[in-house]
Amino acid sequence: MLQRRTVPWLCALLLGIMGLPASGSDFQHHRYEDMVRVLFAVQSECPYITRIYSIGRSVEGRHLYVLEFSDNPGIHEALEPEFKYVGNMHGNEVLGRELLIKLSQFLCEEYRAGNQRITRLIHDTRIHILPSMNPDGYEVAARQGPELNGYLVGRGNARDIDLNRNFPDLNALMYYYEKTNGRNHHLPLPDNWEHQVEPETLAVIKWMQNYNFILSANLHGGAVVANYPFDRSRDPRIRGRTTYAATPDDKIFRQLARTYSYAHSWMHKGWNCGDFFNEGITNGASWYSLSKGMQDFNYLYTNCFEITLELSCDKFPPESALPREWLGNREALISYLEQVHHGIKGMVYDENNNPISKAEISVAGINHDVTTGVDGDYFRLLLPGTYTMKASAPGYLSSSNTVTVGPAEAIQLNFYLKKAPKQNLKGKHHHGKKNISANKASLKLGPR
Ligand SMILES: [Zn+2]
């Protein structure tokens with residue numbers, strides 16, 4: 001560890017090949033107060049590249065603190081993607097929480113040491129880390145400790161609600177729209193949704209509304225596998241049967257999951273905790289169907305692609321297991337983060353170079369659009385290949401372009417949209433038809 005200050009360039013090399021030695025002493029479980037102390041300590045160690053903010057409070061009033069890393073903390077820079085990691089959604093699944101605390105310390109230390117890979121990542125990405133989405137559940141689990149922890153104690157929040165079954169169910173609406181050519185992204189929330197979710201869930205949904213997240217992972221425990229959407233099978237009536245529920249972005253999700261599993265020291269081997277998952281990845285629904293989960297919600301309600309990482313057989317591993325877990329996951333956590341820089345990104349402008357927000361970007365052959373953020377920037381994760389892209393916005397003529405994506409950094413493709421001629425504005429432009437059919441469909445199905 002000491003050497004890195006004298007030979008910082010070596011760190012970039014070491015990270016990913018053999019890694020820095022893990023000193024055993026900093027590996028411990030963190031109760032709420034301890035976790036908050038560490039996050040603020042990281043913030044004061046790296047004040048110019050970090051910020052701490054709270055997205056709300058738990059049932060028992062604990063702040064849900066996020067640590068942000070960026071070269072301009074607190075500011076979205078156009079074309080710089082937003083990424084998030086969420087840990088400890090199930091209070092008794094604690095490894096993700098500890099890994100994210102460790103990751104925070106690591107990013108700060110390596111940045112200070114001049115590690116080029118980490119410096120570049122922080123300069124090009126806005127990284128948000130929520131180590132614990134369920135601090136109340138954690139305290140219940142931690143009171144029992146690693147040895148005595150039961151399978152379910154502390155899983156839910158203080159009202160014993162499972163937060164990963166607590167998000168608005170948008171899958172049914174999506175599966176209906178698929179058949180009717182309805183909306184394929186940013187589905188509407190049910191009326192009164194705020195009153196139907198727990199405070200922790202509400203805080204996370206508001207968080208998603210306030211930041212244009214592009215990529216995310218949600219860290220769990222109880223198995224070792226990278227799980228990708230959809231979690232909910234298309235036909236919930238088939239009980240006990242496992243049916244693969246592919247998203248239109250199935251190939252990308254499989255690749256994202258593989259990125260984690262292969263960069264992880266043992267996940268990709270497949271045999272873990274008495275289960276076998278080929279390549280260490282699985283489609284959620286083909287494992288078991290789950291409704292109202294956070295992962296599917298990200299994809300159906302926002303621009304964010306999220307996968308669920310199951311990281312340890314033991315949900316509450318002993319402290320002695322933490323150094324090995326950190327070394328097993330460290331490269332995977334960084335590699336996965338770097339995936340946010342693949343595909344195509346760019347700006348959508350009007351004829352006067354004003355950015356257009358909420359413009360829709362569609363990819364021919366993939367029935368899932370993404371939208372531009374408030375600065376008019378968009379990010380479309382894609383595998384290498386040639387794609388026909390289209391940008392459209394109400395009141396403008398849509399514009400198309402064909403681009404080839406390579407394996408390296410995201411390709412930049414900007415769009416300049418011309419105002420639609422006046423006669424086309426009366427519900428006739430490309431956008432109107434889609435909206436009408438979406439409205440009809442929602443009337444038929446109801447909000448929930
Ligand atoms: Zn879990």
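Counting convention: from 1, in listed order, for ligands and their atoms alike.
- Among heteroatoms of the N, O or S kind in H220, ND1 lies nearest the Zn ion (ligand 1).
- Nearest to the Zn ion (ligand 1), among the N, O or S atoms that E93 has, is OE1.
- Y138 and Y32 have their aromatic ring centers separated by at least 6.0 angstrom.
- The shortest side-chain heavy-atom distance between F230 and Y299 falls under the 4.5 Å cut-off.
- A centroid separation of less than 6.0 Å is found between the aromatic rings of Y211 and Y53.
- Aromatic ring centres of Y85 and F83 lie closer together than 6.0 Å.
- When the Zn ion (ligand 1) is compared with the N/O/S atoms of H90, atom ND1 turns out nearest.
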